2 protein chains.
Amino acid sequence: MNKALSPKLKKFLDFIQRFTLVNGQSPSYEEIMSTLGFGSLGTVNWYVKTLEEKGHLSRIKGPNGKRALILNQNETQTATIARLPLLGLIAAGEPIEALENPEMVDVPPSLLHPDHYVLQVKGNSMIEEQIHDGDFIVAKKTSIARSGQIVVAIINGEATLKCYVPNSHGIELHPRNPKFPIITVDPTDDFRINGVLLYSFRNYLN
Amino acid sequence: MNKALSPKLKKFLDFIQRFTLVNGQSPSYEEIMSTLGFGSLGTVNWYVKTLEEKGHLSRIKGPNGKRALILNQNETQTATIARLPLLGLIAAGEPIEALENPEMVDVPPSLLHPDHYVLQVKGNSMIEEQIHDGDFIVAKKTSIARSGQIVVAIINGEATLKCYVPNSHGIELHPRNPKFPIITVDPTDDFRINGVLLYSFRNYLN
DNA sequence: ATACTTACGAGTAACTTACGAGTAAAATAA
DNA sequence: TTATTTTACTCGTAAGTTACTCGTAAGTAT
């Protein structure tokens with residue numbers, strides 16, 4: 001296990017770790033290439049060989065093993081990590097604000113999935129859903145929902161978080177707190193479902 | 001025991017498990033073929049042989065046994081597990097209600113620690129802390145706290161969740177929502193800190 | 001007979017690896 | 001200061017390997 005890794009090497013290693021964690025299998029050279037923005041498989045191969053020589057990477061299936069890259073956990077490493085990307089900030093009535101460099105946030109391992117993502121709530125515009133400023137929500141990316149699920153929806157460009165209730169007249173969005181009004185989606189509205197809510201959490205650490 | 005199964009192998013294994021569970025017997029090769037969309041028994045056979053070699057599948061009736069596939073329940077675990085015990089139910093103004101058989105709940109791996117535990121919130125007595133009915137809280141067991149931390153405290157046998165602020169006059173407990181009153185702990189009160197709040201979450205699945 | 005399992009040969013797409021060459025920046029020698 | 005070498009990457013492609021697929025025929029237990 002050699003000296004310090006260059007930022008590029010480290011980024012490469014990080015990507016493999018995250019991809020494997022989220023997708024359940026390690027990425028192919030081609031997937032690495034396109035995600036990391038390389039123009040050639042040769043480049044990917046150079047990284048793999050370099051990291052293998054330095055002892056940070058191994059092939060689990062011997063030579064020519066497909067999707068067989070794993071990182072060597074140097075014992076100093078923290079416990080298993082389970083993280084999802086923090087894609088943006090959400091506030092009711094405003095567009096979702098995407099983050100350029102999504103950081104990764106810890107979540108329960110059972111929530112790991114390629115289609116899951118995290119948003120942080122900005123402001124108290126969602127107290128009717130009992131979600132507060134600074135809270136995080138985990139959602140599953142999908143454009144369809146079942147009745148009763150809480151959806152991350154965009155109506156005319158404005159984000160909202162409500163319980164999805166389709167009926168014969170159209171679509172209704174119910175707040176969790178019955179004191180607030182039910183929204184009825186007009187057929188002329190631009191209505192899109194962004195995902196369904198799975199989990200929300202708040203961190204009290206500093 | 002080769003761990004890295006490809007998604008297809010995994011799906012195959014999953015199907016056998018589910019089928020056996022539902023039907024009480026394992027599927028025939030032909031049933032596997034049609035359900036999983038293969039065009040040939042050879043393909044099914046290839047999967048069985050491969051999974052057997054990797055140690056994930058066994059034939060319970062020896063060679064040529066009919067409907068004799070079973071999974072080796074070695075490390076049936078899906079992903080990494082990260083769980084803490086759900087010790088009890090908490091409601092402001094009442095004693096903490098301990099659970100006899102604490103079940104385990106999923107948490108982010110970064111929260112794993114022997115001194116950490118989970119409580120579920122009962123009722124809406126903690127909305128002043130922006131914690132709602134059914135929410136879960138993760139706390140660290142300790143009897144001391146630093147100023148500014150949110151503590152799980154017991155005053156005269158009644159549970160409360162507040163921000164701990166000691167000063168020259170004694171101990172004050174501030175709610176997160178400033179509209180609610182500050183509690184000043186009387187020296188004659190039986191005041192104990194049960195733990196400090198680390199994390200709270202809510203699950204929207206089911 | 002019937003209901004299955006097993007063996008074998010062959011094909012294809014997905015994937016890894018080897019090789020040869022190039023560049024810009026930093027380190028070293030002149 | 002300039003010339004040179006080394007370092008840390010980058011590119012394109014051909015060739016090799018594996019993962020998975022197919023079809024069919026022969027085997028085996030009730």
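Everything numeric here is computed off the predicted structure, so don't read it as measured data. Letters go in sequence order (proteins before strands), and every chain restarts at 1.
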Chemist: Could you tell me the separation between the NZ atom of K61(A) and the P atom of dT16(C), rounded to a whole number of Å?
Modeler: 9 Å

Chemist: Going by number, which of residues 36-43 of chain A have a non-hydrogen atom under 4.0 Å from DNA chain D?
Modeler: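 Heavy-atom cutoff 4.0 Å gives F38(A), G39(A), S40(A), G42(A), T43(A).
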
Chemist: Could you check whether any side-chain heavy atom of E172(A) comes within less than 4.5 Å of a side-chain heavy atom of N167(A), counting everything from C-beta outward?
Modeler: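 A side-chain contact exists here, since the closest heavy-atom pair is under 4.5 Å.
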
Chemist: Suppose the criterion is salt bridge (Lys or Arg N to Asp or Glu O under 4.0 Å): which pairs have a residue in residues 14-28 of chain A, not counting sequence neighbours?
Modeler: none

Chemist: Using whole Å, report how far CD of E30(A) lies from P of dT18(D).
Modeler: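 Interatomic distance, CD of E30(A) to P of dT18(D): 19 Å.
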
Chemist: Over all strands shown, is S6(B) touching base, sugar-phosphate only, or nothing at heavy-atom distances under 4.0 angstrom?
Modeler: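 S6(B): backbone/sugar contact only, no base atoms under 4.0 Å.
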
Chemist: Roughly, in whole Å, what's the span from CG in N45(A) to C1' in dG20(C)?
Modeler: 13 Å

Chemist: For L13(B) and dC20(D), what is the distance between atoms CG and C1' respectively, to the nearest whole Å?
Modeler: 16 Å

Chemist: Between dC15(C) atom C1' and L69(A) atom CG, what is the distance in whole Å?
Modeler: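 Atom CG in L69(A) sits about 11 Å away from atom C1' in dC15(C).
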
Chemist: Can you measure from CD1 (I131(B)) to OG (S200(B)) and round to the nearest 0.5 angstrom?
Modeler: 5.0 Å

Chemist: Is there side-chain contact between V165(B) and L173(B), with at least one heavy-atom pair below 4.5 Å?
Modeler: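 A side-chain contact under 4.5 Å is absent here.
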
Chemist: In whole angstrom, what separates I32(B)'s CD1 from dC4(C)'s P?
Modeler: 12 Å

Chemist: Taking atom P of dA8(D) as reference, at what distance in whole Å does atom NZ of K49(A) sit?
Modeler: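 Roughly 15 Å, once rounded to whole Å.
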
Chemist: Has the side chain of K66(A) got a donor or acceptor that lies under 3.5 Å from a partner of the other kind on the base of dT17(D)?
Modeler: yes

Chemist: Using the side-chain heavy atoms of W46(A), tell me which of these nucleotides is nearest: dA8(D), dT17(C), dT6(C).
Modeler: dA8(D)

Chemist: How would you list all residue pairs meeting ring pair (Phe, Tyr, Trp, His ring centres under 6.0 Å) that involve residues 161-188 of chain A, not counting sequence neighbours?
Modeler: none

Chemist: Can you check whether Y199(A) and F136(A) have ring centres sitting under 6.0 Å from each other?
Modeler: no

Chemist: Less than 4.0 angstrom between a side-chain N/O of R67(A) and OP1 or OP2 of dT16(C), yes or no?
Modeler: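 Indeed not, no polar side-chain atom of R67(A) lies that close.
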
Chemist: Within less than 4.0 Å of OP1 or OP2 of dT21(D), is there a side-chain N or O belonging to K8(B)?
Modeler: yes

Chemist: What is the separation between atom CG on L5(A) and atom P on dA8(D), rounded to the nearest whole Å?
Modeler: 11 Å

Chemist: Could you work out which one of dC9(D), dT17(C), dT16(C) sits closest to the side chain of Y47(A)?
Modeler: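 The answer is dC9(D), which lies nearest to the side chain.
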
Chemist: Is a side-chain N or O of N124(A) found less than 3.5 angstrom from the main chain of H132(A), in a donor-acceptor match?
Modeler: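 No; zero donor-acceptor contacts below 3.5 Å.
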
